[in-house]
Chemist: 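Quick one: the structure is below, questions incoming.
The structure displayed is predicted, hence computed values, not measured ones. Computation of the quantities below employed the complete heavy-atom set of this structure, encompassing side-chain atoms and omitting hydrogens, waters and symmetry-equivalent molecules.
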Amino acid sequence: MKTKLSSEYKASIAENISDIKRRIEQAKKQDSEVTLLLATKTVPAEAVNYATQELGVRDIGENRVQELLSKYDELEKENVNIHFIGSLQTNKVKYIIDKVCMIHSVDSLKLAAEIDRQAKKHNKVMDILVEINIGEEENKGGIAPDELEDFLEKLTAFEHLRVRGLMTIAPFWCEKADYQKYFAKTYQFFIDILPKKIHNIYKPVLSMGMSDSFETAIECGSTLVRLGTVVFGHRQYK
Ligand SMILES: *Cc1c(COP(=O)(O)O)cnc(C)c1O
């Protein structure tokens with residue numbers, strides 16, 4: 001199905017992205033690199049394609065397997081890295097293993113083992129991030145902070161996984177000071193624990209920061225921000 005994007009919608013996406021790029025530049029340290037990843041849930045493929053093909057954004061992330069599969073054929077893939085950023089059920093790994101460049105949400109050995117198994121089948125090594133539940137919230141994915149070290153150790157057994165870094169989703173509706181606390185804590189794990197367990201990581205990735213927190217996250221050392229609402233506007237759930 002083809003929908004036609006309105007020129008107003010296109011203009012607002014373009015304006016939002018240029019504003020975000022400016023804000024990222026201001027928040028980051030001069031010599032650091034921060035990747036802008038567009039969180040594209042509920043966003044039509046055409047709008048995603050506009051952002052990647054005409055506005056030069058390289059990285060996009062889906063968080064539901066079903067939605068990724070339904071959009072996949074319509075997505076332009078030239079110069080685009082598709083990430084998986086949502087919580088992932090073990091039995092769905094097989095559907096995305098050949099479609100994404102990185103899985104941000106690895107938080108159990110069972111899931112890691114299945115990604116390893118599927119990656120092996122496809123003759124590839126899958127880049128992953130370990131999700132850390134930094135707010136230690138119940139009902140939220142991610143490894144508990146005090147289990148991270150042990151978990152990273154166990155991941156070294158999998159030959160078809162390449163741990164590239166950490167991801168976190170801070171508790172919602174935080175004050176800036178709370179975000180700072182959670183992000184600073186995650187950054188400590190990123191620089192202290194990760195290198196201790198995983199050696200020679202190529203360009204380590206710290207995926208943290210969303211629409212309402214990305215500047216704070218960058219100030220705390222994020223290398224990749226996942227943004228939806230500030231780019232595409234409020235999501236329309238059907
Ligand atoms: C939706 C989503 C985002 C983006 O959220 P916004 O607040 O709209 O920027 C980031 N990360 C994950 C895992 C998401 O599911």
Chemist: Just by distance, do the side chain of Asn16 and the backbone of Val231 share a donor-acceptor pair under 3.5 Å?
Modeler: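 Yes, Asn16 side chain to Val231 backbone: donor-acceptor pair under 3.5 Å.
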
Chemist: Would you check if there is a donor-acceptor pair between the side chains of Lys185 and Gln188 at a distance under 3.5 Å?
Modeler: no

Chemist: Please answer whether the main-chain N or O of Ile143 pairs with a side-chain N or O of Asn133 as donor and acceptor at a distance below 3.5 Å.
Modeler: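 Checking the backbone N and O of Ile143 against the side chain of Asn133, no donor-acceptor pair under 3.5 Å is found.
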
Chemist: Given the rule that I, L, V, M, F, W and Y join up when any side-chain heavy atoms are under 4.5 Å apart, are Val205 and Val163 in one cluster?
Modeler: no

Chemist: Side chains of Arg58 and Thr52: do they bring a donor and an acceptor to under 3.5 Å?
Modeler: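 Looking only at side-chain atoms, Thr52 and Arg58 do not form any donor-acceptor pair under 3.5 Å.
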
Chemist: Trp173 and Tyr179: which non-hydrogen atoms are nearest, and at how many Å?
Modeler: N-OH, 4.0 Å

Chemist: For the backbone of His160 and the side chain of Asp116, can you confirm whether one donor and one acceptor N or O come within less than 3.5 Å of each other?
Modeler: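 Yes: the side chain of Asp116 pairs with the backbone of His160.
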
Chemist: Does Phe172 have Lys140 sitting over its ring (NZ/CZ under 6.0 Å from centre, angle to axis within 45°)?
Modeler: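 Yes, Lys140 sits over the ring of Phe172.
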
Chemist: Is a donor on one side and an acceptor on the other found under 3.5 Å between the side chain of Ser6 and the backbone of Tyr9?
Modeler: yes

Chemist: Is the backbone of Met102 close enough, under 3.5 Å, to the side chain of Asp127 for a donor and an acceptor to pair up by distance?
Modeler: no

Chemist: By the definition side-chain contact (heavy atoms from CB on, under 4.5 Å), identify the one residue from Thr223, Leu206, Val34 that meets it with Ile218.
Modeler: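 The single option meeting the side-chain contact (heavy atoms from CB on, under 4.5 Å) with Ile218 is Val34.
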
Chemist: Nearest 0.5 Å please: distance from the OG atom of Ser213 over to the CG atom of Asp178.
Modeler: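 Ser213 OG to Asp178 CG: 12.0 Å, rounded to 0.5 Å.
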
Chemist: Heavy-atom count around Lys124 NZ within 6.0 Å, excluding the residue itself: above 12?
Modeler: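 Enclosed.
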
Chemist: Among Val48, Val57, Leu55, Val43, exactly one meets side-chain contact (heavy atoms from CB on, under 4.5 Å) together with Ile13. Which residue is that?
Modeler: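 In the set Val48, Val57, Leu55, Val43, the residue that makes a side-chain contact (heavy atoms from CB on, under 4.5 Å) with Ile13 is Leu55.
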
Chemist: Below 4.5 Å, heavy atoms only, C-beta onward: do Val106 and Leu129 meet side chain to side chain?
Modeler: no

Chemist: How long is the span from the CG atom in Leu155 to the CG atom in Leu109, to the nearest 0.5 Å?
Modeler: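 One gets 6.5 Å once the value is rounded to the nearest 0.5 Å.
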
Chemist: To the nearest 0.5 Å, how far apart are CD1 in Ile169 and CD in Glu137?
Modeler: 9.5 Å

Chemist: With side-chain contact (heavy atoms from CB on, under 4.5 Å) as the criterion, how do Met208 and Cys220 come out once you've worked through the C-alpha distance, each side chain's angles and the decisive distance to 0.1 Å?
Modeler: CA-CA 9 Å; Met208 66 180 188; Cys220 293; 4.1 Å; yes

Chemist: Any chance you could lay out the side-chain contact (heavy atoms from CB on, under 4.5 Å) test for Val225 and Thr35, step after step, and finish with the verdict?
Modeler: CA-CA 6 Å; Val225 292; Thr35 301; over 6 Å; no

Chemist: Would Glu159 and Val125 count as a side-chain contact (heavy atoms from CB on, under 4.5 Å) if you check the C-alpha gap in whole Å, the side-chain angles of each, and the deciding distance to 0.1 Å?
Modeler: CA-CA 8 Å; Glu159 290 181 1; Val125 176; over 6 Å; no

Chemist: Backbone N or O of Lys28 within a donor-acceptor pair of the Ser32 side chain at under 3.5 Å?
Modeler: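 No; zero donor-acceptor contacts below 3.5 Å.
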
Chemist: Are Leu38 and Phe214 connected into the same hydrophobic cluster when the rule is that any two of I, L, V, M, F, W, Y join if their side-chain heavy atoms are below 4.5 Å apart?
Modeler: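 Shared cluster, yes.
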
Chemist: Between Lys196 and Glu153, does any side-chain N to carboxylate O distance fall below 4.0 Å?
Modeler: no

Chemist: Side-chain contact test, heavy atoms from C-beta onward, threshold under 4.5 Å: evaluate it for Ile115 versus Phe158 and give yes or no.
Modeler: no

Chemist: Please tell me if the side chains of Val130 and Met167 come closer than 4.5 Å, counting only heavy atoms from C-beta onward.
Modeler: no

Chemist: Do you know the tightest heavy-atom contact between Gly142 and Asp107?
Modeler: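 Distance-wise, the nearest heavy atoms are N-OD2, 2.9 Å.
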
Chemist: What I'd like to find out is whether the side chain of Ser222 reaches to under 4.5 Å of the side chain of Phe183, using heavy atoms alone.
Modeler: no

Chemist: Report yes or no: does Ser105 contribute a side-chain atom to a donor-acceptor pair with the main-chain N or O of Gly86 at less than 3.5 Å?
Modeler: yes

Chemist: If every non-hydrogen atom of Gly209 is compared with every non-hydrogen atom of Ala217, which pair is closest and at what distance?
Modeler: CA-CB, 3.5 Å

Chemist: Any chance you could lay out the side-chain contact (heavy atoms from CB on, under 4.5 Å) test for Glu131 and His104, step after step, and finish with the verdict?
Modeler: CA-CA 7 Å; Glu131 181 175 354; His104 287 224; over 6 Å; no

Chemist: Tell me whether the rings of Phe190 and Tyr187 are parallel (<30°), tilted (30 to 60°) or perpendicular (>60°).
Modeler: tilted

Chemist: Which atom names give the shortest non-hydrogen contact between Cys174 and Pro171, and what distance separates them?
Modeler: SG-O, 3.2 Å

Chemist: Could you grab the distance from atom NZ of Lys10 to atom CD of Glu15, nearest 0.5 Å is fine?
Modeler: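 Between Lys10 NZ and Glu15 CD, I get 15.5 Å after rounding to 0.5 Å.
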
Chemist: Salt bridge (Lys or Arg N to Asp or Glu O under 4.0 Å) between Glu67 and Lys71: does it pass, once the steps are laid out?
Modeler: CA-CA 6 Å; Glu67 186 173 344; Lys71 273 188 215 167; 2.8 Å; yes

Chemist: Just wondering, do Lys99 and Ile82 contact through their side chains at under 4.5 Å, heavy atoms?
Modeler: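 They are not in side-chain contact.
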
Chemist: Between Glu62 and Thr40, do the side chains contain a donor N or O and an acceptor N or O under 3.5 Å apart?
Modeler: yes

Chemist: Checking Lys77 against Tyr72: charged group under 6.0 Å from the ring centre and within 45 degrees of the axis?
Modeler: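 So Lys77 does make the cation-pi contact.
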
Chemist: Hey, is the main chain of Glu215 close enough, under 3.5 Å, to the side chain of Arg23 for a donor-acceptor pair?
Modeler: no

Chemist: Does any non-hydrogen side-chain atom of Lys197 lie less than 4.5 Å from one of Glu149?
Modeler: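 Contact flag for Glu149/Lys197 side chains = yes.
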
Chemist: In terms of hydrophobic clustering (I, L, V, M, F, W, Y; side-chain heavy atoms under 4.5 Å; direct or indirect links), are Ile103 and Ile60 co-clustered?
Modeler: yes

Chemist: Whether the side chain of Thr168 engages the backbone of Ala170 through a donor-acceptor N/O pair (distance < 3.5 Å, no angle test) should be reported.
Modeler: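 Such a contact is absent between Thr168 side chain and Ala170 backbone.
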
Chemist: Measure from the side-chain N and O atoms of Ser211 to the backbone N and O of Val230, and report whether any donor-acceptor pair falls under 3.5 Å.
Modeler: yes

Chemist: If you measure from CZ on Arg117 to NZ on Lys94, what distance do you get to the nearest 0.5 Å?
Modeler: 8.5 Å

Chemist: Should we say atom CD of Gln26 is surrounded by more than 12 heavy atoms from elsewhere, each under 6.0 Å from it?
Modeler: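 Check passes, neighbour count above 12.
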
Chemist: Any side-chain heavy atom of Leu68 sitting closer than 4.5 Å to one from Arg64?
Modeler: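 The answer is no, as the side chains (C-beta and beyond) never meet within the 4.5 Å cut-off.
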
Chemist: Can you hop from Phe84 to Leu161 via hydrophobic side chains spaced under 4.5 Å?
Modeler: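 Yes; Leu161 is reachable from Phe84 via cluster members.
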
Chemist: Output the distance between atom OG (Ser70) and atom CD (Gln66), rounded to the nearest 0.5 Å.
Modeler: 6.5 Å

Chemist: Are Leu37 and Val100 joined in one hydrophobic group, where the rule is that I, L, V, M, F, W and Y side chains link up if heavy atoms are under 4.5 Å apart?
Modeler: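 Different hydrophobic clusters.
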
Chemist: Evaluate the side-chain proximity of Ile198 to Thr156: yes if any heavy-atom separation is below 4.5 Å, no if none is.
Modeler: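 They are in contact (side-chain heavy atoms under 4.5 Å apart), so the answer is yes.
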
